[in-house]
Each structure stands twice: as structure tokens, then as C-alpha cells.
Chemist: 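Below is a structure I'd like to ask you about.
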Amino acid sequence: MEENFYQKVYSIVKKIPRGNVSTYGRIAVLVGVPRAARAVGYALNQLKKSEETEIPWQRVINSRGRISFGGDPVRATLQRKLLEHEGIPFQNDGQIDLKQYGWPDNEN
DNA sequence: ATCGTGACGAACG
DNA sequence: CCGTTCGCCACGA
């Protein structure tokens, strides 16, 4: 059965380990469509509250290591709160060190 | 099938 | 470093 783009995205997001974060672009690559970063964000935007408990959407941020979305400040604040709760520290300017917390680990 | 939209990204200035 | 522009992809009407 062929999974839809959305399903693939959700499937991968669920695999992000606690205490780690990924980016839209990275997810797009894992899905198989490197340039579909926008579509990834679009997919996460479709998540309903009940699904948020199963999908760690908060672990997905932009390539700059920041929470881009400002359309809903409440959600953005919640995201940061959740990440800090998982042990992910934010730098002074609200940026996360992807080198250290990025997933999959690029280090090698 | 075409158009508009959007939690993005890289390139520019 | 910051804001703007253009390109990408998938989805709904």
C-alpha cells in the first residue's frame, strides 16, 4: 500500500527520539522528496489536537534551529515549552543547537 | 487540469 | 545579522 505523503511525514516524525529535534527539510529528505520542506510543514499543520499527543510535532523546527511559525504564538510558546521539558536547551536568541540535538545524527 | 496557499529553504542585497 | 525574493512540493477547491 502506498502511503500518502502526509502519512510518511507522520511516520518519520514519530521516530524522532525524545530529546532530539529535526527540521522540515530533513524530514522531506527522509520522506524521499528533498525539496518538499513546505509540504512537510503543511502536513504538520493538518494535525488535530488528538493527534498531537501521538506525534511529536514539537520536535520539528526549521533549518535555522528555530521555531518559525508565528501565526499562532500560543502554539509556538507551547512548542518551546515542550522541548525544554524534554531537556532541549534554547540559546539566548531562542535558537537550538542542531549540531548537538539534530536528528538523524549527522555527526560522523 | 489549473490556481492559490503554506509550521520551508537557499540565495541575494 | 535581517528582510525580501524565488523556487519547491503536496493538497483542496
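The structure presented is a predicted model; accordingly, all values stated were derived computationally and were not measured. When reading the values below, keep in mind they use all heavy atoms of this one structure, side chains included, and skip hydrogens, waters and symmetry mates.
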Chemist: Determine whether Leu30(A) and Trp103(A) make a side-chain contact, defined as any pair of heavy atoms from C-beta on separated by less than 4.5 Å.
Modeler: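 Side chain of Leu30(A) against side chain of Trp103(A), heavy atoms only: contact under 4.5 Å found.
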Chemist: Under 4.5 Å between any side-chain heavy atoms of Gln58(A) and Arg80(A), yes or no?
Modeler: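 Gln58(A) vs Arg80(A): side chains apart.
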Chemist: For Ile12(A) and dA10(C), what is the distance between atoms CD1 and C1' respectively, to the nearest whole Å?
Modeler: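 Spelled out: CD1 on Ile12(A) to C1' on dA10(C) is 15 Å.
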Chemist: Ion pair present between Glu52(A) and Lys48(A), side-chain N to carboxylate O less than 4.0 angstrom?
Modeler: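 No salt bridge links Glu52(A) with Lys48(A).
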Chemist: Within 45° of the six-membered ring axis of Tyr24(A) and under 6.0 Å from that ring's centre, is NZ or CZ of Arg38(A) located there?
Modeler: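 Pair Arg38(A)/Tyr24(A) does not count as cation-pi.
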Chemist: Say you pick atom C1' in dA13(C) and the same atom in dA7(B); how far apart are they, in whole Å?
Modeler: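 About 22 Å, rounded to a whole number of Å.
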Chemist: If a protein heavy atom is under 4.0 Å from the base, mark B; if only from the sugar-phosphate, S; if neither, -; do that for nucleotides 5-12 of chain B going 5' to 3'.
Modeler: -BBBSS--
Chemist: Does any part of the side chain of Val60(A), heavy atoms only, come nearer than 4.5 Å to the side chain of Val21(A), both counted from C-beta?
Modeler: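 Side chain of Val21(A) against side chain of Val60(A), heavy atoms only: no contact under 4.5 Å found.
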Chemist: Once you round it to whole Å, what is the distance between P of dC9(C) and CZ of Phe5(A)?
Modeler: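 After rounding, the reported distance stands at 10 Å.
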Chemist: Give, ordered by number, those residues of residues 80-95 of chain A having at least one heavy-atom distance below 4.0 Å to an atom of DNA chain B; if nothing qualifies, reply none.
Modeler: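 Here the set is empty: none.
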Chemist: In the structure I gave you, are the side-chain heavy atoms of Tyr10(A) and Leu47(A) within less than 4.5 Å of one another anywhere?
Modeler: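 Yes - at least one pair of side-chain heavy atoms lies under 4.5 Å apart.
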Chemist: Any side-chain heavy-atom pair from Thr23(A) and Asn62(A) closer than 4.5 angstrom?
Modeler: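 With C-beta onward as the side chain, the pair stays apart.
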Chemist: Please report, rounded to the nearest Å, how far the P atom of dC9(C) is from the CZ atom of Arg35(A).
Modeler: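 Between P of dC9(C) and CZ of Arg35(A): 6 Å.
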Chemist: Can you find a heavy atom in the side chain of Tyr101(A) that is under 4.5 Å from one in the side chain of Leu83(A)?
Modeler: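 A side-chain contact under 4.5 Å is absent here.
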